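All remarks here apply to the structure that follows.
The figures that follow rest on heavy atoms only: side chains count, while hydrogens, waters and symmetry mates do not. Computed from a predicted model, the values in this text were never measured in an experiment.
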Amino acid sequence: MRYEYTVTKEGGEAELIKAMSWKKAIKKVLMLNAKFSGWISYINKKGHLQERSFKNGRENTYGE
């Protein structure tokens, strides 16, 4: 696989997954656990942190 993504569960347990794209990494996590709560992050090629948070399998926006 090309990229490594850090998947952190709500309890603080982190694991590393590998996938070919950001979208496929998210899909892989949600396929394994449909009610996933936590966040997925990685560092892009420009060195910026990219992060998405999820609550009960749905993406959590920061306004909620």
Side-chain angles (χ1 to χ4, degrees):
M1 294 294 154
R2 188 169 180 179
Y3 301 106
E4 294 181 346
Y5 303 91
T6 305
V7 178
T8 309
K9 296 180 183 174
E10 202 169 38
E13 306 162 26
E15 66 177 271
L16 199 63
I17 63 165
K18 294 183 179 184
M20 290 298 287
S21 70
W22 181 232
K23 188 175 180 179
K24 287 182 182 185
I26 292 169
K27 186 175 180 178
K28 186 176 186 178
V29 169
L30 293 176
M31 291 292 283
L32 293 173
N33 184 3
K35 296 289 185 178
F36 174 75
S37 292
W39 58 93
I40 305 169
S41 60
Y42 83 106
I43 307 282
N44 68 11
K45 64 184 175 183
K46 293 189 176 185
H48 298 282
L49 176 67
Q50 302 296 309
E51 188 173 85
R52 283 195 165 167
S53 62
F54 294 85
K55 185 149 189 146
N56 293 325
R58 301 194 72 157
E59 188 168 1
N60 192 18
T61 58
Y62 293 111
E64 293 180 7

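Counting heavy atoms from C-beta outward, Ile40 and Thr6 have side chains that stay 4.5 Å or more apart. With a 4.5 Å cut-off on side-chain heavy atoms, Phe54 and Leu30 count as touching.
Remark: Lys35 pairs with Asn33 by the side-chain contact (heavy atoms from CB on, under 4.5 Å) rule, at least two apart or across chains.
Counting heavy atoms of neighbouring residues, nucleotides and ligands inside a 6.0 Å radius, atom NZ of Lys28 exceeds 12 of them.
A donor-acceptor pair under 3.5 Å is formed between the side chain of Ser53 and the backbone N or O of Asn60.
Atom CE in Met20 sits 7.5 Å away from atom OH in Tyr3 (nearest 0.5 Å).
Under a 4.5 Å side-chain heavy-atom criterion applied to ILVMFWY residues, the cluster that includes Leu49 comprises Ile43 as well.
Closest approach of Tyr5 to Ala25, counting heavy atoms only: CD1-CB, 3.5 Å. Considering every non-hydrogen atom in both Lys9 and Phe36, the closest pair reads CG-CE1, 4.1 Å.
Under a hydrophobic-cluster definition in which Ile, Leu, Val, Met, Phe, Trp and Tyr are linked whenever side-chain heavy atoms come within less than 4.5 Å, directly or via other members, Tyr42 and Trp39 are assigned to different clusters.
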